[in-house]
Structures are given as structure tokens and as C-alpha cells.
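Worth knowing before you read on, the calculation uses all heavy atoms, side chains too, and leaves out hydrogens, waters and symmetry mates.
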Amino acid sequence: MNTTMAITLIGMVSIAVVGVSGRRPRSGELGEWTVGKRKFSTFTTWFLQAGEAFTTFSFLGLAGIAFGGGVAAAFALCYLAINFVLQYFTAPRMRELGRRSGYLTQADFFTDRYRSPLLGKVVAVVGTVFLLPYLQLQITGLGMIVQLATGSRTGGNLSMVLATVLTVGFVLWSGIRGIARVAYLKDALMIVGLVVLFIGVTVSVKGGIGGLFETVRDSHPQLLTLHQEGYDATFFVTAVIISGIGGGLGTMAHLWPPVLAAGSGRALRKNAVWLPLYQIALGIPVIVGFAGILLVKPGSPANSVALTLAGQTLPGWLVGVVAVAAASAAMVPSAAIVVGISSLLSRNLLSARNERTQLRTNHLCVVAAAALALVLGLTRPGLLSDLLLLTYGGLTQLAPAIVMGLAKKVRLDAVPALLGILTGVGVLIWLTFGSVDVGTVDTGLIALVPNLVVTAVAQLVVRSRSLAAVPAEAN
């Protein structure tokens, strides 16, 4: 075992130990495990929200897009800005409704606001199905990190298994409190890892960062425009819109527990103002991707660029530090995602009688979801950015019903909301797996159009029937 591998494994075990140090819920109830006592401070909520917004994609995916598509990688900086602007308004309202009605999951919101257990169950299924690729992305990314850092494919696969087991362990033990503990460590490691990588790349490029972009301008000018094949202006705009809507409107189930656990709406608004500071750090993977154009062999896998450059520019022990940082960026979101999936299944889909039974069922779902994502990660690894956009595209179909449900008075009926969601998801599945050529337009955005149309038409039909029934009853 080389130094890099040893540091990486020790780092992953240390992350899990920190997670287990989170206080185990005494009550043994799902509510305490999922959202604590709904009194998390601004500080804790900050790290929980940041931990779920900055993930493996931040390390590997962004550098990969910059390597192959140039400035198109900036789409992540744009959609995260939109996320935080929208969350300034939506997150406090979600928390208020959750505290008042006892929400533990996103599907609780749908069940309560639309007075429809069926809609809640459908949302639970949609949330589970489309979060699984996101969970697979984190696990696959972690294996890739270790493989690239150590040069061992076997080591990468074993690390995927080890990290999954460790993550499941601390999630089962301490729930959201354990995730919060690890989130503190993860953000510190992420900043250190990115800075170390940035320094290594800067020293290796002739002329520093200025020289890097001058060289790219002279040798690959197309990468500084939105004209790359697959990464044109259409990709950029539609990816920004679909991802911004997806994160900003709370369409992703794993984003709800940190919001519901917050001690106040003011804490959430403050975080929405200051969390964009993290986007400064996200500029580093983009720069690393551009450096890869000059320093990495042409035709290399895009998602391997960041760790390949780490291996070329840093000593082994520092590569290990970067790998641990990247691993933490996979383990924290993985933990949050399995909490989101398992809570949907145990509380909303399987509907156990009481919270204690729900918690036992939940723990089984945690293991099942993590195991399934691990198997998919080992057998069917996919391009990280594609997996991310599939998740956003599918879950964005919940956005119209969420917006209407956040209003003081819900003016959308359950049936139109349900029909719109099913239509959008159906169209997305057809576009994704039916080999339909839509160019670089995001399929989730295309699917949102029939979603809105069906929702509107169905609502008109429902309301017209309701109005026609009133005079009939009066007669």
C-alpha cells in the first residue's frame, strides 16, 4: 500500500468517526433522527446546506467540463447563484410550514398542502427514483478519486465499498446530527484540498494563471466561447435554468431536512445571502480543467483531469490530502441523500404506523438504497455531469406544484398537480431512454413544458366542473 492510499483510507475512516461522534437520538423516533429538534443554529445550518450543495461534481465534474467544454463549466456558478436567490424566499416558508404541520420529508409537504396522501406517495417514488442517480454519482466519483490518486482500480472499487459502509454506519447511528458534524470537517478539507491543488497547478503552468489563459486563448480559442460541440450556448442556458429551478425551489428531497431542522427562517435567509461565497472556491476546479488542456494528454477522460493533475504536480502525501478532501465531498452528500431517500420510503410510501416503526423501516431503507447505488456505481458508472442533470431534470417536474403549494392559499388541486408531475416525468423518461435527438437542450426543461400545459388544462377542467356543480346543487 502506497502513501497516497494509506492517507486516503485513514482519512475516510476519520470522517466516519467524526460522524459517529454526533449525538445519537435518545427518543428512537424518526423525527429526531431526521430533523433533530428543529433548533439548529445558523452556523450548523450553513454547513449542512453547503455540504449538500458542493459535492463530488464540484471536484471532478466541473474540471471535466472545463477540460472538454471550456467556459461552459461556468454554468455551475450561475445556477448556484440562482439557487441561493430562490432559497432566500422559499426556504423560510418551507421551514414555517414544516414546523407548523410537523413535516419530516418533502412528500409530507405535498400530502398536507394538497390534502392528498396519493400525491405524497407519488412524490416519494419520484424523489427516490431520481435521487438514486445522484447517490450513484457520489459513490462512483469517490471510487474514481481513489483510483486516480493511487493508480489502482481495485483500490478504487474497495474504497467505494468501504466509504459506503462507513457512511451508512454513521448515518444509522446519529442521523442528521452526524451529517452536521461531518459537514464541518468536509468544508475545511474541501477548501484545503482545492487550495493545494490550485497551488500545484499554478506552479506547473508557465506564466501562472495569466499565462495559462493566454496560451489557451492562442491555441484553443473556441474553449473561451460557447461553441464547443455538446457545450454550446443552448446547453449553458438550459442547464442553468433547470439546475437553478431544481435546487432553488426545493425539488430535491435531501435538501429538505436541513431546512426543516433550522432554528429560524432568519438563519436560512442569512445563509442564502452568504453561501454564494463558496462559489469563489468553485472557480478552482474550472481553472484546473483549463490547465489540463495544456498539461494532460489529449483524449484523457474528462472526469479524471483534476486528480491526474494532482498526481503530476504534487508529492504523494499531498495527493492523499486532496483525495481525502474529495472523498469527504462524496461522503457528506451521500449521507444526506440516503436520509432523503429512506425517509421518503419509510414515512410516505410504506407508511408505518408510528415513528418508532418508521425509524426501523427507515434504517432498512438506508441500507437498501446505499447498496443499490453501490452496485450501480460498480457495474454501470456514468458520466458525472449527465447523472447530475438527469437528477435535476426529473425532480424539477415537482417545481410547479411546489410553487403553488408554498402560497398562502393553495389554488391548485391535487389531481392537476399529480397529472402534471406524471406527464413531465413520462416525457423525460421517453426523451432520455428513447434516443430522441434534442440537441443540447436540457431534456428536463423540455419535459417541464408539457408538465405545465397538462397542469393548467387539468386545473381548468376541475374548476369548470366545480363551478357547474354549484348551480346544480342550488337547484
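Of the options Leu364, Thr357, Val366, Asn362, a side chain to side chain contact (heavy atoms under 4.5 Å, CB included) to Ser346 is made by Asn362 and by none of the others. Each of Asp108, Asp112, Thr111, Thr34 was compared with Tyr103 under the side chain to side chain donor-acceptor pair (under 3.5 Å) criterion, and only Asp112 meets it. Test Val182, Thr167, Leu48 against Val332 for side chain to side chain contact (heavy atoms under 4.5 Å, CB included) and you get one pass: Val182.
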Practice task
Test Tyr278 against Leu80 for side-chain contact (heavy atoms from CB on, under 4.5 Å), laying out the working first.
Solution key: CA-CA 10 Å; Tyr278 272 98; Leu80 283 171; over 6 Å; no
Exercise for the section: Show the numbers, then the answer: is there a side-chain contact (heavy atoms from CB on, under 4.5 Å) between Val161 and Asn157? Expected result: CA-CA 7 Å; Val161 175; Asn157 290 341; 5.9 Å; no
Problem - Residues Gln87, Met94; criterion side-chain contact (heavy atoms from CB on, under 4.5 Å); working and verdict - result: CA-CA 10 Å; Gln87 285 177 19; Met94 292 172 183; over 6 Å; no
Exercise for the section: Run the numbers on Leu378 and Leu374 for side-chain contact (heavy atoms from CB on, under 4.5 Å), then give the verdict. Expected result: CA-CA 6 Å; Leu378 290 170; Leu374 175 62; 4.1 Å; yes
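Looking at heavy atoms from C-beta onward, Val35 lies out of side-chain contact with Phe40 at the 4.5 angstrom threshold. Between Met5 and Ser159, some side-chain heavy-atom pair lies under the 4.5 Å cut-off. In this structure the side chain of Leu142 never reaches within 4.5 angstrom of the side chain of Ser334, judged on heavy atoms. Within the 4.5 Å cutoff, the side chain of Ile245 has no heavy atoms near those of the Tyr79 side chain. Using a 4.5 Å cut-off on side-chain heavy atoms (C-beta onward), Met12 and Met331 make contact. Side-chain atoms of Leu268 and Gln49, non-hydrogen and from C-beta on, do get closer than 4.5 Å to each other. Looking at Leu448 and Pro400, their side chains come closer than 4.5 Å, going by heavy atoms from C-beta outward. Annotation: side chain of Phe89 is not in contact with side chain of Leu406 (no heavy-atom distance under 4.5 Å).
Side-chain atoms of Arg181 never come within 3.5 Å of backbone atoms of Ile15 as a donor-acceptor pair (strictly under, hydrogens ignored). Side-chain N or O atoms of Gln106 include one that pairs as donor or acceptor with a backbone N or O of Gly250 at under 3.5 Å. Side chain of Ser21 to main chain of Val18: a donor-acceptor pair is present (N/O by atom type, distance under 3.5 Å, no hydrogens or angles). Of the possible polar contacts, none joining the Ser243 side chain to the Ala76 backbone as a donor-acceptor pair under 3.5 Å is found. Distance alone, capped at 3.5 Å, is enough to place a donor-acceptor pair between the Trp173 side chain and the Val20 backbone. Side chain of Gln358 to backbone of Ser343: no donor-acceptor contact under 3.5 angstrom is found. In this structure, the side chain of Trp33 engages the main chain of Val171 through a donor-acceptor pair within 3.5 Å. In terms of modelled atom types and a separation under 3.5 Å, the side chain of Lys121 and the main chain of Asn348 share a donor-acceptor contact. The backbone N or O of Thr3 lies less than 3.5 Å from no partner atom in the side chain of Trp317, so there is not a single donor-acceptor pair. A donor-acceptor pair under 3.5 Å is formed between the side chain of Gln279 and the backbone N or O of Leu77.
Counted by atom type alone, Arg347 and Thr105 present zero donor-acceptor pairs between their side chains at under 3.5 Å.
Here CG of Asp442 is found 8.5 Å from CG of Leu428. Values are rounded to the nearest 0.5 Å. Note that OH of Tyr134 and CD1 of Ile337 are 6.0 Å apart. Values are rounded to the nearest 0.5 Å. Taking CG of Asp413 as the reference point, atom CG of Leu419 lies at 11.0 Å (rounded to 0.5 Å). Note: Leu349 CG to Thr128 OG1 = 7.0 Å, rounded to the nearest 0.5 Å. The line from CG of Leu62 to CD1 of Ile287 is 12.0 Å long, rounded to the nearest 0.5 Å. Distance check, rounded to the nearest 0.5 Å: CG of Leu260 to CZ of Arg38 gives 6.0 Å.
Phe236 and Val71 get closest at one heavy-atom pair: CE1-O, 4.2 Å. Scanning all heavy atoms of the two residues, the minimum distance from Leu395 to Thr251 falls at O-CB, 3.0 Å. Smallest separation of non-hydrogen atoms from Gly316 and Thr4: O-OG1, 2.9 Å. Pairing each heavy atom of Arg113 with each of Lys408, the nearest pair is NH2-O, 3.6 Å. Closest heavy-atom contact between Phe75 and Ile65: CE2-CD1, 3.6 Å. Summarising the geometry of Met252 relative to Leu131, their closest heavy-atom pair is CE-CD2, 4.4 Å, with the distance given to 0.1 Å.
The environment of NZ in Lys270 is sparse: at most 12 heavy-atom neighbours from other residues, nucleotides or ligands sit within 6.0 Å.
Aromatic ring centres of Phe47 and Phe43 lie closer together than 6.0 Å.
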